[in-house]
Participant: 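Can you read through this structure? Questions will come right after.
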Amino acid sequence: MNKSFLGISLITLLCFEVIADSIGQPGEIFPVMVENKSTDNHMGLVEINGSFYKLVPLSFSKQGKYIVFNDTRIFIQAQDFGESRITITNDSLVNLNDQDRERTIKESAMIQKALKSYSKDMLSSFNFINPVEGIISSRYGKKRFINGSPRSPHLALDIAAPEGTKIISPENGKVILVGDFFYSGKYVIIDHGHGLLSSYSHMSKVSVSKNDIVMKGQKIGEVGSTGRVTGPHLHWTVYYENVRINPESLLKENYLESLL
Ligand SMILES: [Zn+2]
C-alpha cells in the first residue's frame, strides 16, 4: 500500500468536503434560506413552506465554478447536455450581410433592455403550465452546431408543432415586448414578476400587444417558422434574474417545494 498516496487522497477528500457547501446543476434555481426577511425586502424573496428563500439562478456558463450568495457557496456541477447539429442552406441567414448584422445588434439590444425591465411588484407562483402541445425537438443546454460550426449553446426548449398550433401563457404576467426579429421572428416576452420572464420565438401569429396583462392559459399566439428556423416550432426561453434557466424544470408540479 502506498501511504503517501493514501494521505493525499484523504486530504483531497477533506478539503472537498469543507469547500463544497452546496452543489447545484446548471440551468436550475438554488434556494438559499434567508433568516431575516425585513432586511431584504427588495431581493425578491419567496416563501416556501413557511420560510423565506432567495432563489439563486445557476448559470449554464458557470459550470465547474462556485457562486456565492451570503454565506452559501454553491458549486455548479459540469454537465453534458449533448449536442444538436442543424443545417441552414440559406447562407444569408448564417453569414449575415452588414445590414442584417446591424439589424441583429439593434434587436439584441432591444431584447436585453426589455429583459432588465422586469417588475418587482408582481410575484410569480413559479408553477408553469406547458405553453404548447407538441414534441420536444431540442432540450436546454445542447451544444449547437450550424452547418458544422460551433455556436452558442441552446439555452431554451424547442417544442415542434404544426404551424398554427395555439401557444398559451404558462403563468400570469405582463407582455413587455412584441417584435418581428431577424433570428427570433415574431417574438414575445412576458414578465411574470420578480425576475421571472419567458420568451416565445418563431410564431406565425401574435395575439397580444405590449403592456397586455395575460392570465395563465391565455392564448398569446401560434406556432410558426418566422425568423431563422429549420421548421415550425416554439423556441421557449425562461429567464430568472437575466439568467437563462431550464424551462422544463419549471413545468414540475410544486416546483418551489421540489427545490428543497
Ligand atoms: Zn430553439
Side-chain angles (χ1 to χ4, degrees), residues 25-28 57-61 63 79-96 100 103-105 107-108 110-112 114-115 128-171 177-190 192 196-206 220-240 242-251:
Q25 306 301 322
E28 302 301 326
L58 307 183
S59 163
F60 182 89
S61 63
Q63 293 184 61
Q79 203 178 319
D80 183 4
F81 290 88
E83 59 179 53
S84 137
R85 290 175 182 270
I86 58 171
T87 304
I88 294 171
T89 47
N90 182 348
D91 186 61
S92 68
L93 294 176
V94 183
N95 297 306
L96 310 195
D100 285 342
R103 181 182 163 191
T104 61
I105 291 167
E107 291 173 354
S108 165
M110 274 173 79
I111 292 170
Q112 290 310 315
L115 290 172
F128 275 19
I129 54 172
N130 199 358
V132 68
E133 291 295 329
I135 294 161
I136 291 172
S137 51
S138 187
R139 290 198 143 87
Y140 176 96
K142 281 186 184 287
K143 278 185 201 134
R144 261 273 147 108
F145 295 85
I146 296 177
N147 301 345
S149 304
R151 298 295 173 116
S152 309
H154 185 249
L155 301 185
L157 182 68
D158 283 352
I159 305 167
E163 182 122 2
T165 305
K166 181 170 80 166
I167 300 169
I168 58 172
S169 179
E171 167 65 307
L177 185 67
V178 174
D180 192 351
F181 298 146
F182 183 85
Y183 287 124
S184 304
K186 290 190 178 158
Y187 177 79
V188 166
I189 300 180
I190 301 175
H192 303 288
L196 186 66
L197 298 98
S198 58
S199 76
Y200 304 79
S201 300
H202 313 310
M203 293 193 271
S204 57
K205 203 189 252 181
V206 172
I220 58 166
E222 293 175 8
V223 171
S225 45
T226 56
R228 189 172 75 177
V229 289
T230 52
H233 73 281
L234 172 67
H235 173 90
W236 180 36
T237 312
V238 177
Y239 298 83
Y240 188 65
N242 293 315
V243 174
R244 281 173 286 177
I245 56 171
N246 191 341
E248 268 186 276
S249 301
L250 273 289
L251 296 174

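For ligands, and for the atoms within them, numbers begin at 1 and follow the listed sequence.
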Participant: First locate atom NZ of K186, then atom CE of M203, and finally report the distance between them rounded to the nearest 0.5 Å.
Facilitator: 9.5 Å

Participant: Between H233 and the Zn ion (ligand 1), is there a contact where an N/O/S atom of the residue lies under 2.8 Å from the metal?
Facilitator: no

Participant: Report yes or no: do H192 and S198 form a side-chain donor-acceptor pair below 3.5 Å?
Facilitator: yes

Participant: Which N/O/S atom belongs to D158 and is the closest one to the Zn ion (ligand 1)?
Facilitator: OD1

Participant: Between the Zn ion (ligand 1) and H235, which N, O or S atom of the residue is the nearest one?
Facilitator: ND1

Participant: Which one of R139, R151, K142, R144 satisfies the side-chain hydrogen bond (donor to acceptor under 3.5 Å, both in side chains) criterion with S84?
Facilitator: R144

Participant: Knowing that exactly one of L234, V132, T237 qualifies, which makes a side chain to side chain contact (heavy atoms under 4.5 Å, CB included) with Y200?
Facilitator: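 The residue from L234, V132, T237 that satisfies side chain to side chain contact (heavy atoms under 4.5 Å, CB included) with Y200 turns out to be L234.
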
